[in-house]
2 protein chains.
Amino acid sequence: MIDKYRDLQIKLTPQRLAILGFLENNRSHPSAEDIYRAVLKQFPTMSFATVYNTLEALKSKGNVQELKIDPGKKRYDPDISRHHHLICMKCKNIVDIFKDFDISLSEDLTSGFDIIGNSIEFYGICRSCGSRK
Amino acid sequence: MIDKYRDLQIKLTPQRLAILGFLENNRSHPSAEDIYRAVLKQFPTMSFATVYNTLEALKSKGNVQELKIDPGKKRYDPDISRHHHLICMKCKNIVDIFKDFDISLSEDLTSGFDIIGNSIEFYGICRSCGSRK
DNA sequence: CTATCTGCAAACGTTTTGCATCTGT
DNA sequence: ACAGATGCAAAACGTTTGCAGATAG
């Protein structure tokens with residue numbers, strides 16, 4: 001476990017290992033609070049400062065992606081491979097979309113920007129929210 | 001001016017007309033505070049409650065689009081035609097991208113969601129932020 | 001006339017900060 | 001040993017709410 005994350009070049013405290021453990025293979029796109037609540041079980045003194053600090057460190061190392069999908073509540077994605085997202089407009093559940101789209105921009109549309117990346121969000125209603133209506 | 005917005009079916013108060021005037025042909029994708037500050041000149045008693053109230057009304061009438069691009073700060077777009085956005089990762093400037101992309105999802109990727117829409121965000125560094133480095 | 005809007009201030013939820021103490025490396 | 005992390009509490013930030021008084025239709 002420790003070996004696995006040694007190349008992150010951040011201090012691997014027990015709290016951080018718990019956070020890393022929670023994020024590993026996590027497809028739920030958790031918010032900071034989701035993470036906080038999950039690791040609180042192991043570390044009753046855990047603080048939000050530590051959660052945010054760790055997320056910031058992971059983000060800067062490119063190990064976690066911050067999603068801007070939910071206004072007023074950041075969500076985090078430990079899967080940094082190229083993919084997109086589909087969000088339920090009612091319950092805010094997020095699922096991954098693994099498909100490649102050709103969405104490059106020709107120079108005349110970029111207003112002189114240096115383009116670095118892109119992401120697609122699909123919006124809809126998930127099965128349980130739809131049938132529940 | 002009043003005639004133009006009569007079909008919105010909301011009360012056209014002077015404050016709302018000022019907000020509508022500010023938004024008209026506005027390509028800056030302003031935040032609530034940007035709007036508040038702009039109309040404050042004409043209405044020194046303007047409050048955030050009125051700005052948010054008006055934006056909510058316009059949104060529900062489909063006259064304004066809420067952008068989820070900037071985490072922790074909603075931005076608003078009076079252009080409701082289909083288009084995408086390009087964001088400067090440094091200064092958060094947003095420019096419109098008018099180009100149609102074919103990004104439909106086949107059923108096997110939607111996890112049972114009822115898909116309603118999508119949007120693409122391009123990320124980059126704008127000219128003034130890039131040359132300033 | 002009355003349903004709706006305004007403006008103020010207080011409350012809210014999320015994120016950030018300051019700082020004394022502690023700990024990986 | 002010491003750069004950097006933790007945990008607490010306070011503050012900051014954007015947004016929402018309650019309500020008394022005002023106003024568009």
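Values below: every heavy atom of this structure, side chains too, minus hydrogens, waters and symmetry copies. Every value quoted in this text rests on a predicted model; they were computed, and no experiment measured them.
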To the nearest 10 degrees, what angle separates the axes at the start and end of the helix from C:dC1-D:dG25 to C:dT25-D:dA1, five pairs each? 50°

Pair A:His83-A:Asp77, side-chain hydrogen bond (donor to acceptor under 3.5 Å, both in side chains): steps then yes or no: CA-CA 11 Å; A:His83 65 285; A:Asp77 191 345; 2.9 Å; yes

Contact list please: residues 26-41 of chain A against DNA chain C, heavy atoms, distance less than 4.0 Å, in numerical order. A:Ala32, A:Glu33

Parallel, tilted or perpendicular for B:His85 and B:His29, by the 30°/60° rule? perpendicular

Between A:His84 and A:Phe122, the two heavy atoms sitting closest are CB-CE1, 4.4 Å

Verify the contact: side-chain N or O of A:Tyr52 to OP1 or OP2 of C:dT16, cut-off strictly under 4.0 Å; return yes or no. no

In numerical order, the residues of residues 60-79 of chain B whose heavy atoms come under 4.0 Å of DNA chain D are B:Gly72, B:Lys73, B:Lys74

Looking at every heavy atom in both A:Lys61 and A:Ile10, which two are closest together, and how far apart are they? CE-CG2, 3.8 Å

Which pair of non-hydrogen atoms, one from B:Val51 and one from B:Met46, has the smallest distance, and what is that distance? CG2-SD, 4.0 Å

Taking atom P of C:dT4 as reference, at what distance in whole Å does atom CD of B:Glu56 sit? 15 Å

Looking at B:Arg16, does any N or O in its side chain come under 4.0 Å of the phosphate oxygens OP1/OP2 on C:dT4? no

What are the 5'-most and 3'-most nucleotides of DNA chain D lying under 4.0 Å from any heavy atom of chain A? D:dA3 to D:dC8

Do B:Leu86 and A:Ile120 land in one hydrophobic cluster if side-chain heavy atoms of ILVMFWY residues count as linked below 4.5 Å? yes

B:Asn26: side chain to side chain donor-acceptor pair (under 3.5 Å) partners, not counting sequence neighbours: B:Ser28

B:Tyr123: side chain to side chain contact (heavy atoms under 4.5 Å, CB included) partners, not counting sequence neighbours: A:Lys68, A:Ser119, B:Ile87, B:Met89, B:Glu121

Please list, one pair per line, the donor and acceptor atoms closer than 3.5 Å that link side chains of residues 13-24 of chain A to other protein atoms, with sequence neighbours excluded.
from	atom 1	to	atom 2	distance (Å)
A:Thr13	OG1	A:Arg16	N	3.2
A:Arg16	NE	A:Thr54	OG1	3.4
A:Arg16	NH1	A:Lys11	O	3.2
A:Arg16	NH2	A:Asn53	OD1	2.7
A:Glu24	OE1	A:Lys4	NZ	2.8
A:Glu24	OE1	A:Tyr5	OH	2.4
A:Glu24	OE2	A:Lys4	NZ	3.1

Nucleic acid footprint by protein, nucleotides 18-25 of chain C - heavy-atom cut-off 4.0 Å, B for base, S for sugar-phosphate alone: -----BBS

Non-hydrogen atoms of B:Pro71 and B:Ile69 that approach each other most closely: CD-O, 3.5 Å

Specify the closest pair of heavy atoms between A:Cys88 and A:Cys126, including all atoms of both residues, with the distance to one decimal. SG-N, 3.4 Å

Could you pull out all residues at least two apart from B:Arg37 that satisfy side chain to side chain contact (heavy atoms under 4.5 Å, CB included)? B:Glu33

Non-hydrogen atoms of A:Val64 and A:Pro78 that approach each other most closely: CG2-CA, 4.2 Å

Length of the CD-C1' vector between B:Gln9 and C:dC5, whole Å: 17 Å

When you measure from the side-chain N and O atoms of B:Ser47 to the phosphate of C:dC8, is any distance below 4.0 Å, counting only OP1 and OP2? no

In whole Å, what is the span from the CZ atom of B:Phe48 to the P atom of C:dG7? 13 Å

Tell me, please, which residues at least two apart from A:Asp3 pass salt bridge (Lys or Arg N to Asp or Glu O under 4.0 Å). A:Arg6

For B:Asp70, all residues meeting side chain to side chain contact (heavy atoms under 4.5 Å, CB included), sequence neighbours excluded: B:Lys73, B:Arg75, B:Lys92

Please give, in whole Å, the distance from C:dG7 P to B:Phe43 CZ? 8 Å

Donor-acceptor list for residues 105-114 of chain A side chains, cut-off 3.5 Å, not counting sequence neighbours:
from	atom 1	to	atom 2	distance (Å)
A:Ser106	OG	A:Asp108	OD1	2.6
A:Thr110	OG1	A:Glu107	O	3.0

